[in-house]
A.B. asks: 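One structure, as C-alpha cells, below. Some questions next.
So you know, we letter chains A, B, ... as the sequences are listed, proteins then strands, and number each from 1. Predicted model only: the values in this text are computed from it and were never measured.
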Amino acid sequence: MAVQTVSQILTSLVLAAADAAADTAGRAGVLPVVESVASTGNPRFGDYQSNHAFRLGKALRSNPRAVAEQMVARMPAHPAVARIEVAGPGFINFYLDDAWLCRQLVAQHQDRAGGVPQVEPGRTVVIDFSSPNIAKRMHIGHMRSTIIGSALQRLYEACGYTVVADNHIGDWGTQFGMLIVAWRRWLDPQAFERDPVGELERLYVAFRDAAATDPALDDLARQETARLQAGDPENRALWQRFIDISLREFQGVYDRLGVAFHVTLGESFYHSALPGVVEALLAAGLAEKSDGAVVVRFPDDHPVKAVRGRTLVIEKSDGAYLYGTTDLATLEHRLATWSPVEIQYITDGRQQLHFQQVFAVWRSWRTWRKLDPNAVKLVHTWFGTLKLPEGAMSTRKGNVIRLVDLLDEAVRRARAVVDAKSPDLSAQQRAEIAEAVGVGAVCYADLAQNPQSDVVFDWDRMLAMEGNTAPFLMYSYARCRSLQRKGGPKAAAVPLSAAACPHQLERALVRTLVRLPEVVAAALASHRPNLLCDYLFECAQATNRFYFELSVLQADTAEQRQSRLALIELTAGVLERGLAILGVPSLPRM
RNA sequence: GCCCUCGUAGCUCAGGUGGAUAGAGCAACCGCCUCCUAAGCGGUAGGCCACAGGUUCGAAUCCUGUCGAGGGCGCCA
C-alpha cells in the first residue's frame with residue numbers, strides 16, 4: 001500500500017468538504033477539481049492551507065469566508081488534523097497533529113519510494129541528453145544538458161517511470177572527412193598517445209586553419225566523407241576508432257558525474273533510415289522540392305505560432321541530410337522500440353524553433369498515416385545558454401573551459417578545505433571526500449537555479465562551498481551520520497513512539513522533512529530540479545538549527561536521546577534520497 | 001520584420017499554472033567554537049519585483065502597451 005502524501009490526504013478532505021458544502025447549497029458537483037492543499041510559507045497560518053473556498057464562493061456566488069466556515073463544519077475528521085481554522089477572507093488553515101506527523105514521516109521513510117507517489121508501472125520515458133560531438137573534448141557548454149538531463153532521469157525514476165537514457169552523440173558529420181584528411185597528413189603519434197581526443201581536436205583545428213588558405217582541402221574532405229558514407233573499409237575503421245576513443249574519454253567524465261546511459265545511439269545509427277523519411281514526406285505531400293533541396297513549409301495559419309511561415313530543410317541540394325531529418329527518424333525508432341509515453345529532449349534554448357518544427361512535421365506525418373499524432377508526449381526541455389564573462393565559447397577561438405579542468409579545480413579547492421577541517425583522516429579518505437565534494441558542488445551549482453536562466457560562468461560561484469551548495473547539504477548529512485556513529489548501535493532505529501517532537505525546532509524539522517514527496521512530484525511536473533535543491537537546502541538549515549540548539553547525545557532523558565536520534569535517522573534519509581536524485585553523493589563523514 | 005526568453009536587495013539568483021508581511025546565498029556590519037564537525041548558528045542593514053495601464057476579493061505572478069537585454073528565423077547542430 002503506497003503512502004499518501006500529506007497534500008493528497010488534505011486535498012481529499014477538502015474535496016469532501018467542498019462537495020458537502022455545495023450540496024447544501026443545492027449545487028452538488030459544481031467544482032469537481034480542487035486546487036491541491038499546499039504547505040504554508042508561514043507557520044502563523046498553520047502547516048497547510050487551502051484556498052478552495054474562494055473558488056467555491058465564486059461558483060456559488062456567496063461570501064468566501066462563509067463558504068470556508070461551511071466547509072470546515074463539514075470537513076470529515078482525520079487523525080492528521082489537529083485543528084482547522086478559517087482565516088482572513090476565506091483561507092482554510094490546517095494544523096497537523098504532532099504524533100501523526102511523526103508517524104507519517106516514519107511511514108515515508110520506510111516506504112521504498114520515500115513516499116513519492118508512483119505512476120502505474122510500465123510507463124516509459126525516453127530522455128535525450130548530453131549528446132556531445134565525437135572527436136572533441138567536452139567543455140563546460142556540455143555540462144548543463146548532461147547534469148540537468150541526468151537529474152531529470154532520476155526524478156522520473158523516483159516517480160516510478162521506466163527511463164531510457166539515450167546519448168544521441170554527433171558521430172556522422174562532415175567533420176569526419178576533415179579529420180581523416182588531417183589524420184593522414186599531420187598526426188603527431190606521441191601527442192595522440194598522451195591525449196587522444198586532444199590530438200583529434202588539434203587536428204580538426206589544424207584542418208580548419210589550413211583550409212582557410214587552401215580550398216582544395218575542403219574538396220578532399222568532402223571526398224573522404226563520401227567514401228566513409230559509402231562504406232570504404234579504411235575510412236570506416238578510422239571513423240570507428242575516433243568514436244571509440246571519444247566514448248572512452250566521455251565515459252571518464254560521466255563516471256565522475258554519476259551519469260549513466262542505457263543506449264548511445266548517435267546520428268550514424270539512423271543514417272540508413274533518412275532517405276525513407278524524405279521519400280515518405282514527399283509522398284505524403286508534406287514536403288516539396290525547392291531550389292534542389294527538399295523542404296517542409298509551414299503555413300501562416302499553422303496552429304503552432306512559432307513555426308508559422310517557416311521552413312524546415314530535410315535534404316540539402318547536394319543530397320545530404322540534416323539534423324531535422326535525423327530527428328524524425330530517431331523519433332520513429334524510439335516510438336517503435338520503447339513505446340514511450342513521453343520523449344524529453346534536453347538542449348539549449350536556441351533550439352526551440354527547431355524542435356517545434358520537428359514535432360509539428362512529425363505530427364502531420366502521423367495524421368497523414370492515420371496514426372494518433374499525440375501517441376507520445378514530445379517535450380523540449382530547454383535550458384539557458386552558458387556564456388563566459390567575455391562572451392561565447394568557441395573551440396576555434398580556443399577560449400573553452402574543459403569539463404575535466406572544471407572538475408579538477410573543484411576537487412582541488414575541496415581538498416584544501418578537507419585538509420584544513422579533517423586532518424585526522426587518511427590522505428586516501430581526504431582524496432575521496434574531495435572528489436565527491438568538488439564534483440557535487442559543480443553539479444549542484446548548475447541544478448540549483450532555474451534551468452531556463454542564462455548563466456555567465458563564474459569559477460567562484462560554481463565552486464562555492466558555503467550557503468546553498470552541495471557541500472553544505474553533504475555536511476549536514478555527514479553530521480547526522482556522525483551523531484549516529486557516536487550514539488551507539490541502536491542510533492539508527494526509528495521507533496514510532498520515540499519520534500515524538502516536543503520542541504519547536506524538532507517540530508519544524510519534521511514538518512519540513514515530510515514534504516519531500518510533494519517536492520519531488522512538483523520538481524518533476526515543472527522539470528525544475530532547482531525546486532528540489534531549494535527544498536533540501538531548507539531541510540539542511542532546519543537540521544543545523546536543530547542540532548546546534550538541542551543536544552542529541554547529551555539529551556536530558558534516555559527517551560529524548562532516542563527520539564532525537566530517530567529524528568536524525570529520518571533527516572539523513574531525506575537528505576540522502578534527495579541528493580541521490582540530484583546525483584550528489586552522500587558521505588558518512590567529511 | 002516575425003517568433004522565443006528575460007528585467008526582483010550592492011552582486012548572483014529563488015519564487016512566476018494568482019493567495020496572507022516578496023525569500024535565499026554572497027558581500028557588509030554585530031554576536032557565538034573549554035560543549036555531538038563553525039562547510040555551521042543567531043542578529044542588523046539592504047526592495048515603487050523595469051515602467052504604464054487592465055483583469056480579480058487578491059497581481060512579482062495573468063493580459064495589453066512602452067523601454068531595456070539576450071537568443072532564434074530553408075540548405076549548421
A.B. asks: Could you please name the option among B:G40, B:C75, B:G19 that lies closest to any side-chain atom of A:Ser317?
C.D. replies: B:C75

A.B. asks: CG of A:Leu406 to CD1 of A:Ile401: how many Å apart, nearest 0.5 Å?
C.D. replies: 7.5 Å

A.B. asks: Roughly, in whole Å, what's the span from NE2 in A:His354 to P in B:C75?
C.D. replies: 14 Å

A.B. asks: Would you please confirm or rule out a distance under 4.0 Å between OP1 or OP2 of B:U56 and any side-chain N or O of A:Lys58?
C.D. replies: no

A.B. asks: Ignoring the backbone of A:Lys305, work out which of B:C36, B:C75, B:C3 is nearest its side chain.
C.D. replies: B:C3

A.B. asks: Step by step, work out the side chain to side chain contact (heavy atoms under 4.5 Å, CB included) result for A:Ile568 and A:Phe546.
C.D. replies: CA-CA 10 Å; A:Ile568 286 294; A:Phe546 159 62; 3.8 Å; yes

A.B. asks: Below the 4.0 Å mark, does B:G25 have OP1 or OP2 next to a side-chain nitrogen or oxygen of A:Gln541?
C.D. replies: yes

A.B. asks: Is the backbone of A:Glu267 close enough, under 3.5 Å, to the side chain of A:Asp171 for a donor and an acceptor to pair up by distance?
C.D. replies: yes

A.B. asks: Should the side chain of A:Ser482 and the base of B:C36 be counted as holding a donor-acceptor pair, with the cut-off at 3.5 Å?
C.D. replies: no

A.B. asks: With a 4.0 Å cut-off, would you call A:Arg564 and A:Asp556 a salt bridge?
C.D. replies: no

A.B. asks: From the set B:U5, B:A14, B:A20, return the single nucleotide nearest to any side-chain atom of A:Ser453.
C.D. replies: B:A14

A.B. asks: Take atom CG of A:Asp301 and atom P of B:C2, then tell me their distance rounded to the nearest Å.
C.D. replies: 18 Å

A.B. asks: How far does the C1' atom of B:G19 sit from the matching atom of B:G7, given to the nearest Å?
C.D. replies: 24 Å

A.B. asks: With under 30° as parallel and over 60° as perpendicular, where do the rings of A:Phe176 and A:Trp239 fit, or are they tilted in between?
C.D. replies: perpendicular

A.B. asks: So that I can tick it off, tell me whether A:Asp47 and A:Arg507 are bridged by a salt bridge, with the cut-off set at under 4.0 angstrom between side-chain N and carboxylate O.
C.D. replies: yes

A.B. asks: I'd like the P distance from B:A59 over to B:A22, given in whole Å.
C.D. replies: 13 Å

A.B. asks: Answer yes or no: is there an ion pair linking A:Arg415 with A:Asp419, defined by an N-O contact shorter than 4.0 Å?
C.D. replies: yes

A.B. asks: Of all the choices, B:C26, B:G19, B:C36, which nucleotide is nearest to the side chain of A:Gln49 once you look at every atom?
C.D. replies: B:G19

A.B. asks: Ignoring hydrogens and angles, does a donor from either the side chain of A:Arg308 or the base of B:C2 sit under 3.5 Å from an acceptor on the other?
C.D. replies: no

A.B. asks: Does A:Ile92 or A:Val437 map to a spot on RNA chain B nearer the 5' end, using the closest nucleotide for each?
C.D. replies: A:Ile92

A.B. asks: Carefully, step by step, assess A:Arg481 and A:Glu569 under the rule salt bridge (charged side-chain N to carboxylate O under 4.0 Å, His left out).
C.D. replies: CA-CA 8 Å; A:Arg481 293 307 187 207; A:Glu569 164 65 13; 3.1 Å; yes

A.B. asks: Could you state the CD-C1' distance from A:Gln356 to B:C2, rounded to the nearest angstrom?
C.D. replies: 16 Å

A.B. asks: It should be established whether A:Asn530 places a side-chain nitrogen or oxygen under 4.0 Å from OP1 or OP2 of nucleotide B:G15.
C.D. replies: yes

A.B. asks: May I ask you to say what A:Ala306 touches in the nucleic acid, namely base, sugar-phosphate or nothing, with a heavy-atom cut-off under 4.0 Å?
C.D. replies: sugar-phosphate

A.B. asks: Taking atom C1' in both B:G16 and B:C49, compute the distance separating them and give it to the nearest angstrom.
C.D. replies: 11 Å

A.B. asks: Between A:Ser290 and A:Arg297, does the side chain to side chain donor-acceptor pair (under 3.5 Å) criterion hold? Intermediate values first, please.
C.D. replies: CA-CA 10 Å; A:Ser290 172; A:Arg297 292 188 199 283; 3.2 Å; yes

A.B. asks: Given the C1' atoms of B:C33 and B:A38, what is the spacing between them in whole Å?
C.D. replies: 6 Å

A.B. asks: What nucleotide among B:G19, B:C36, B:C26 has an atom nearest to a side-chain atom of A:Ser551?
C.D. replies: B:C36

A.B. asks: May I have the distance from A:Leu509 (atom CG) to B:C41 (atom P), rounded to whole angstrom?
C.D. replies: 13 Å

A.B. asks: What's the CH2-C1' distance between A:Trp459 and B:C11, to the nearest Å?
C.D. replies: 20 Å

A.B. asks: How close or far is atom C1' of B:C35 from atom OH of A:Tyr547, stated in whole angstroms?
C.D. replies: 15 Å

A.B. asks: Taking the side chain of A:Arg350 as heavy atoms from C-beta outward, which of B:C75, B:G71, B:C36 is closest to it?
C.D. replies: B:G71

A.B. asks: I'd like the C1' distance from B:C13 over to B:C29, given in whole Å.
C.D. replies: 23 Å

A.B. asks: How would you label the contact of A:Arg461 with the nucleic acid (heavy atoms, under 4.0 Å): base, sugar-phosphate, or nothing?
C.D. replies: sugar-phosphate

A.B. asks: Write down the distance separating the C1' atoms in B:A45 and B:C6, rounded off to the nearest Å.
C.D. replies: 29 Å

A.B. asks: Could you measure between the two C1' atoms, the one in B:A20 and the one in B:A60, and give it in whole Å?
C.D. replies: 15 Å

A.B. asks: Could you provide the dot-bracket string of RNA chain B, using ( ) for intrastrand pairs, [ ] for crossing pairs and | for bases paired to another strand, with Watson-Crick or G-U pairs below 3.5 Å?
C.D. replies: (((((((..((((.....[...)))).(((((.......))))).....(((((..]....))))))))))))....

A.B. asks: How many whole angstroms separate atom NE2 of A:His52 from atom P of B:G19?
C.D. replies: 17 Å

A.B. asks: OP1 or OP2 of B:C76 less than 4.0 angstrom from a side-chain nitrogen or oxygen of A:Lys316, does that happen here?
C.D. replies: yes

A.B. asks: Taking A:Tyr345 as the fixed residue, which of A:Phe359, A:Phe383, A:Trp382 is the one that meets the ring pair (Phe, Tyr, Trp, His ring centres under 6.0 Å) rule?
C.D. replies: A:Phe359

A.B. asks: Starting the side chain at C-beta, find the nucleotide from B:G72, B:C57, B:G40 nearest to A:Asn544.
C.D. replies: B:G40

A.B. asks: Which of the following nucleotides, B:A14, B:U37, B:C3, is nearest to the side chain of A:Ala478?
C.D. replies: B:U37

A.B. asks: CD of A:Gln352 versus P of B:C2: gap in Å, rounded?
C.D. replies: 19 Å

A.B. asks: For A:Glu288, which contact category applies under a 4.0 Å heavy-atom criterion: base, sugar-phosphate, or nothing?
C.D. replies: nothing

A.B. asks: Measure up the A:His139 and A:His142 rings against each other and bin them: parallel (under 30°), tilted (30 to 60°), perpendicular (over 60°).
C.D. replies: tilted

A.B. asks: Just call it for A:Ala87: base, sugar-phosphate, or nothing, with non-hydrogen atoms closer than 4.0 Å on any strand.
C.D. replies: base

A.B. asks: Suppose we call a contact any N or O donor and acceptor under 3.5 Å apart; does that hold for the side chain of A:Asn93 and the base of B:A20?
C.D. replies: yes

A.B. asks: Using atom C1' in both nucleotides, what's the gap between B:G42 and B:G47 to the nearest angstrom?
C.D. replies: 24 Å

A.B. asks: Using the side chain to side chain donor-acceptor pair (under 3.5 Å) rule, take A:Ser476 and A:Asn544 through it: C-alpha gap first, then chi angles, then the decisive distance, then the call.
C.D. replies: CA-CA 7 Å; A:Ser476 307; A:Asn544 279 275; 3.0 Å; yes

A.B. asks: Between A:Tyr323 and A:Phe355, how do the two ring planes meet: parallel, tilted or perpendicular, split at 30° and 60°?
C.D. replies: perpendicular

A.B. asks: When you check the glycosidic angle of B:C32, does it come out syn, meaning within 90° of 0, or anti?
C.D. replies: anti

A.B. asks: Write out a two-atom table: protein N or O, nucleotide N or O from nucleotides 16-18 of chain B, distance below 3.5 Å.
C.D. replies:
unit_1: B:G16; atom_1: OP2; unit_2: A:Arg528; atom_2: NH1; d: 3.1

A.B. asks: Nearest-nucleotide wise, let me know which of A:Gly170 and A:Gln452 is further upstream toward the 5' end of RNA chain B.
C.D. replies: A:Gln452

A.B. asks: Answer with yes or no whether A:Arg545 presents, from its side chain, a donor or acceptor under 3.5 Å of a partner atom in the base of B:C41.
C.D. replies: no

A.B. asks: Quick one: is A:Arg481 getting a side-chain N or O under 4.0 Å of the B:U37 phosphate, OP1 or OP2?
C.D. replies: no

